[in-house]
Chemist: 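There's a structure below that I have some questions on.
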Amino acid sequence: MLRKICLLLISTAMLDMCVPTLAADPNLTYTDPAAAGPDFQTQGEYVSEHQPKEGKNTRGAQIIALGDGKFHAVVYQGGLPGAGWDKSKTIQAEGQSADGVATFATKDLTAKIQRGVMTLHDTEGKTTHTLKKILRKSPTLAAKPPAEAVVLFDGTTAKAFDGGRMTDDGLLMEGSTSKRKFRDFTLHMEFRTPFKPFARGQHRGNSGFYAQGRYEVQILDSFGLEGVDNECGGIYKVACPSVNMCLPPLSWQTYDVDFTAARFKDGKKVKNATMTVRHNGVEIHKNLEVPFATTAAPVGEGVKPGPIYLQKHGNPVRFRNIWVIPRDSVPKSSKREGRAVWNHSGAGAYPGDWERSMKLLADNGFNMILPNMLWGGLAHYASDVLPRSNAFRKYGDQIERCCAAGRKHGIGVHVWKVHFNLCTAPKDFVEKLRQEGRTQLTVDGKPSNWLCPSHPDNQKLELKSMLEVARKYPVDGLHLDYIRYPGRKACYCDGCRRRFEAQSGRKVSDWPNECFSGKRKEEYNDWRCRQITSLVERISREAKKIRPEIKISAAVFGSYPDCRRSIAQDWPEWIKEGHLDFICPMDYTTDDAVFTSLVRNQTKLVDGRVPLYVGIGATATGIAMTSDRVKGQIHLARSLGANGFTIFNFSPKTASTLIPHLGLNTAEAPNAAPPHGKP
Ligand SMILES: [Zn+2]
């Protein structure tokens, strides 16, 4: 009897426990979207239609499935996180589905979801917004590894990992540690969290990406959550992501990470590790310092390189397409490499002592210098065309001295001109040109201290000064800079109008609007491009008549075709037409992902026609890169197929803080010859 009661009690207790437990099993896990049920289909991202028209009125919504037909809705003003959301307070509501319709009702929000369409209603039940379900994809999804990348996982084998296991459908499983260890690197990886409708918080698809086995970027199904430091993209106890970019569970997501390891001196840490992290293409951490190894890190902080570790946290998180570009050891330099510095002062790093500047460059593996010797209205040499500068008066003819010291030390001298820009020119010189109608006017009628490129006398002046340099000095080349307009708003002077009308054979009825934003906008921009291109063409042609071996190069904006539209600089055209012997795009950014995408685009545009020496903005405006970061970009440039690099700027400061620390003249990177010259 006693036994019977006991059994009965147990079975009742089991029933009591089992019914709700089965229905709300926090371990219930789906890894296949097709089998994940109707709640999974309702879950996801919604955005209102006609976004541009609605403007700020656009709404985005994230719907989180909580199991058993229960949902949580988060409504964003302006659009979805990372895609328009204005970061104002969200509206949150609980919902329930019945007969294929999910309804949400709180004091703030009434909403309905049916067949992939969400409608928001006001208090009287009127529809205020209609949102459609969308599937966002990371722009870096399926990114191909560049030639120098170490591919850790491409779906064929898990053997690059200790503990590496693969699923039957070719995905890497959590709990993998790369055999190879890394110091500084750029990484791409793709991951997918499972769908666990009844799980909450840290139990909902937990894993993690550990840089060097030390510093974790959280991986978790944090879809629709606030975005704190223990959620997806968070660095536990260090930083929250700047925006929660987590996509719904079972979506493929990306991390693109630039990692710079901590630095040690005599066993003591002197600099923290830093990370820039992009989650699904959006930067969520920028140059973030991570001051300690994060919780549960398998490797403690230290000087040695460390592995890529994908944390095992009891959840079936999946990975694919993982590759790493090590920035510290490979790739090695080639024997043919342009290694240049720009020198903005035109007087070297030690004014009055070109010998010392050139020796420093040669000792440290450089083979070229691009010194700024002339401007639109100033010359640091004995010019008969342009006003001579104070530097000329104080230190003598700078081109002559630079060339002599360059020849002695084997450094090629490519004289850099800042075209059109008169900001350093003597006042009376500028005033005279203004009187003659040779300076620019913006579309708003504001005068500017730039020469108007379409004025024939200005073209002559620009040409004459460059040819004078080619004729008088044994320079290796002429380097064209500011070979462009200041921006989209120039030039709209009377002369430009007359010359445009004459050359196009048609009057402009509504000047300048018709050319700036009206129906002749494209035509006018093409015409602006031709003013610049024709000067490049003439300098190249005429200089080579004087000395056939002279090299013509240009410093250009890195982002094409933007630069064609904004500053009328069509540099791929100059290369195609054979006007240039090498090109130096100014890829000034501390963000290695941006740098990489610029250089990739440029190698495609240049297509091997001329050497590409990418510009690294070590001390460009607003930038102060350490020698490690500059080294990183040199390695990136090499790995991406550039033929060399040009560093901005060679100055008294960088002569001591940067130039001697790049390791360009070592056994690993012996002195090279620039590829634009004869072998
Ligand atoms: Zn003009």
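The analysis underlying the following values was restricted to heavy atoms, covering all of them including side chains, and did not include hydrogens, waters or symmetry mates. Numbering of ligands and ligand atoms starts at 1, following listing order. Position 1 is the first residue of the sequence; numbering continues from there.
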Chemist: State, without any angle test, whether Tyr560 and Asp570 hold a side-chain donor-acceptor pair at a distance under 3.5 Å.
Modeler: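 Asp570 and Tyr560 do have a side-chain donor-acceptor pair below 3.5 Å.
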Chemist: Is any protein N, O or S atom closer than 2.8 Å to the Zn ion (ligand 1), and if so, which?
Modeler: Cys452 SG, Cys491 SG, Cys493 SG, Cys496 SG
Chemist: Quick test of your reading: applying side chain to side chain donor-acceptor pair (under 3.5 Å), list the pairs with at least one residue in residues 610-621, sequence neighbours left out, ordered by first then second residue.
Modeler: Tyr613-His676
Chemist: Residues two or more places apart in sequence or in another chain: which of them pass ring pair (Phe, Tyr, Trp, His ring centres under 6.0 Å) with Phe648?
Modeler: Tyr588
Chemist: Quick one: do the His579 and Glu573 side chains pair a donor with an acceptor below 3.5 Å?
Modeler: no
Chemist: Can I get a per-line list of side-chain donor-acceptor pairs under 3.5 Å for residues 448-455, giving both atom names and the distance, sequence neighbours left out?
Modeler:
{"from": "Asn449", "atom 1": "OD1", "to": "Arg434", "atom 2": "NH2", "distance (Å)": "2.6"}
{"from": "Ser454", "atom 1": "OG", "to": "Arg499", "atom 2": "NE", "distance (Å)": "2.8"}
{"from": "Ser454", "atom 1": "OG", "to": "Arg499", "atom 2": "NH2", "distance (Å)": "3.1"}
{"from": "His455", "atom 1": "ND1", "to": "Asp457", "atom 2": "N", "distance (Å)": "3.1"}

Chemist: Before we go on, tell me: are the rings of Phe557 and Trp571 under 6.0 Å apart, centre to centre?
Modeler: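 Not close enough - the centres of the two rings lie 6.0 Å or further apart.
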